[in-house]
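Heavy-atom basis, side chains included; hydrogens, waters and symmetry copies ignored. If you read the sequence from its start, that first residue is 1, and numbering goes on from there. If you're wondering where the values come from, they're calculated on a predicted model, not measured in any experiment.
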Amino acid sequence: MISQFGPFVSFQVNVDQNGQNIIGDAANECVISVDPTNGNKMTIAWRQFNDVNSNFRQGGWGYTSDGGIHWTFPGVLENGVFRSDPVTNSDEIGQFFYLSLQSDQAQSFFCDDLWRSLNGGQTWTLLSGERGGGGGDKEWFTIDKTNGPGHGFQYQADDGINCSGGGVEFQRSTNGGVTWQTPINIPNGPVYGTLDVATNGNLFVGGWDTGTTFDCVRSSNAQIGNQTPTFDQVTPVNMGGSIGSGGINPAGLDGQSFLAIDRSGGPTNNNIYMLASVVPPGRSTTDVMFARSTDGGASFSAPQRINDDPVNPSKWHWFGTFSVAPNGRLDAVWYDTRNAANNTDSQLFYSYSTDAGVTWAPNVAVSNPFNPFEGYPNQSKIGDYITLASDATGSNVAYAATFNFNPNRSQHEEDVYYVRVSPTGTPTPTPTPTPTPSPTPTPTPTATPTATPTPTPTPSPGQITLSARGYKVQGQEAVDLSWNGATSNNIDIYRNGAPIATVPNIPGFYTDHIGARGRGSYTYKVCEAGTQNCSNQVTVRFGGG
């Protein structure tokens, strides 16, 4: 199924080997991750029901290498193993990770395991061992991608129904997900919420406290590997309501809460944002609400409504989610019934903010309407969440919808779709050439900066600005380059005046694995491919060792 709504095109992900719909299955709860070294490579994970007449589900996934136009669905993580609540993430060198909740059909236990893909999501390797990830029901996880001592650490939190059997818990892995440390209870027990890491390495967990407020909880020392993580700041957050369930999604949640941090390096750097579809007081339907912190989570703004239609107690704005782009833009999507006479047929809607969420662009519908009550896989819901991942120019969205008709059941069925959204309204992905990959060091190291980069100049309008960070991987020199301001599809990378690679402009990041040891001095610039429109030059110098 390719479903077009105006300029926006949704591509089905859970397809057979010929790219066609698989009649009679169901797929929902989809999570998307993008390779930051090549934005054409993405993976989406979901709950796969091979037979809608059974509640048995497995860990499905699909991958693309052409920007989301064509998807391959190889199968499930393990045949015959009951799985749910998929979560994926990617690190800065393009490794994908898949954290999966494992149980049995009787749901007599809830334990996670962690998988890794080194080939763009084509295949997965179990790192943690069966159920070795600890965790539990509705787990979320994140990866520390900062330059600090916690670089590469992985963090997860669950909803209190877990492998160890006690409380809403946090767990940490300091070796890339192979082993996970003893669970620690999170103050106030926030559930159904995500985690993120600020540029100073501080970890934040956001979630609903199951009452009338949400919480933002900080750990300053989770990044210190030889210390037991503690939580040193707990801030209540008013989101204008509470998490709801039922109604538009009879056996599921109407949305979860999402926390994300701005790491743009600009004036909004380290702002903390929270968003959720909540039930306002006196209502039974939901609005998409947002709050921000500009002081490291010590306080939050008053809740702000993002869906811009007139308040109507019959309308739903559900499964709200968002992400922060590398340039600080905020992208949000959700299901919306504002255009439905029956108040249930839903469309995917999109809005964005370029001023830290103070104002939001007029809401735009980006999908055809669908009936969320059809295609239930022996479980009356379309999952509990959807997700998106943003880059400099737009965002990649994974969502479930019922566009396909199943003639055997005389109703539509749940499938997973990908759509590209952007402030410019240019939705259809255009694949760019895949660069020749650089060697990837194994295992993923903790980056130890040893270089002295040239300060990044203040950008002028239309100027490409470049910054660089040097470090050593097992003694071998590597340099991370990041840029902004370029408008071309591709970028030429120059080292010491010679071209070394041509890469996609998005996401504005490239790692030069030099491989040399000892001392060295390297001067870099980047140019719009085939032109002399180039950035400033940045010199990175390495000492001995």
### Query
By ring pair (Phe, Tyr, Trp, His ring centres under 6.0 Å), which residues pair with Y155, not counting sequence neighbours?
F170
### Message
What I'd like to find out is whether the side chain of S293 reaches to under 4.5 Å of the side chain of C216, using heavy atoms alone.
### Response
no
### Query
Are W124 and T43 close enough that some pair of their side-chain heavy atoms sits under 4.5 Å apart?
yes
### Message
With rounding to the nearest 0.5 angstrom, report the NE2 to OG distance, H317 to S346.
### Response
10.0 Å
### Message
Any carboxylate oxygen within less than 4.0 angstrom of a Lys/Arg side-chain nitrogen, looking at D144 and R172?
### Response
no
### Task
With rounding to the nearest 0.5 Å, note down the distance linking CD1 in I32 to CG in N89.
12.0 Å
### Task
Any chance you could measure E29, atom CD, to D384, atom CG, to the nearest 0.5 Å?
4.5 Å
### Query
Atom CG of N14 and atom CD of E413: how far apart are they, to the nearest 0.5 Å?
8.0 Å
### Query
Which atom names give the shortest non-hydrogen contact between T142 and L203, and what distance separates them?
CG2-CD1, 4.3 Å
### Task
Classify the ring geometry between Y418 and W71 as parallel (under 30°), tilted (30 to 60°) or perpendicular (over 60°).
tilted
### Task
Applying ring pair (Phe, Tyr, Trp, His ring centres under 6.0 Å), name anything that partners Y335, two or more places apart in sequence or on another chain.
W318, F319, F370
### Query
Quick one: does F96's side chain get under 4.5 Å of Y63's, heavy atoms only?
no
### Residue from K145, E92, Q223 passing side chain to side chain donor-acceptor pair (under 3.5 Å) with H151
E92
### Task
Could you grab the distance from atom CG of L118 to atom CD of Q95, nearest 0.5 Å is fine?
5.0 Å
### Summary
Taking every heavy atom of S90 against every heavy atom of P36, the minimum-distance pair comes out as OG-CD, 4.0 Å
## Note on the structure
Here the pair of heavy atoms bringing I464 nearest to V526 is CG2-CG2, 3.9 Å
### Message
If you compare all heavy atoms of A400 against all heavy atoms of I386, which two are closest, and at what distance to 0.1 Å?
### Response
N-CG2, 4.1 Å
### Message
Using the rule ring pair (Phe, Tyr, Trp, His ring centres under 6.0 Å), only one of F258, W140, W46, W334 pairs with Y385; which is it?
### Response
W140
### Task
Determine whether F349 and D308 make a side-chain contact, defined as any pair of heavy atoms from C-beta on separated by less than 4.5 Å.
no
### Message
Could you tell me if the side chain of V178 sits less than 4.5 Å from the side chain of S173, heavy atoms only?
### Response
no
### Summary
Taking every heavy atom of Y522 against every heavy atom of R495, the minimum-distance pair comes out as CD2-CD, 3.8 Å
### Message
Nearest 0.5 Å, please: how far is CD1 in I23 from CG in N404?
### Response
8.0 Å
### Message
Looking at Q12 and M1, would you say the former's side chain and the latter's main chain have a donor-acceptor pair under 3.5 Å?
### Response
yes
#### Entry: L466 backbone acceptor or donor facing N536 side chain under 3.5 Å
yes
### Shortest non-hydrogen separation from D331 to S390 and the atoms involved
OD2-OG, 2.7 Å
### Message
Working note: R116 + D91, criterion salt bridge (Lys or Arg N to Asp or Glu O under 4.0 Å); need CA distance, chi angles, decisive distance, verdict.
### Response
CA-CA 11 Å; R116 181 182 66 186; D91 65 15; over 6 Å; no
### Task
Measure the shortest side-chain to side-chain distance between Y350 and P423 over non-hydrogen atoms and say whether it is less than 4.5 angstrom.
yes
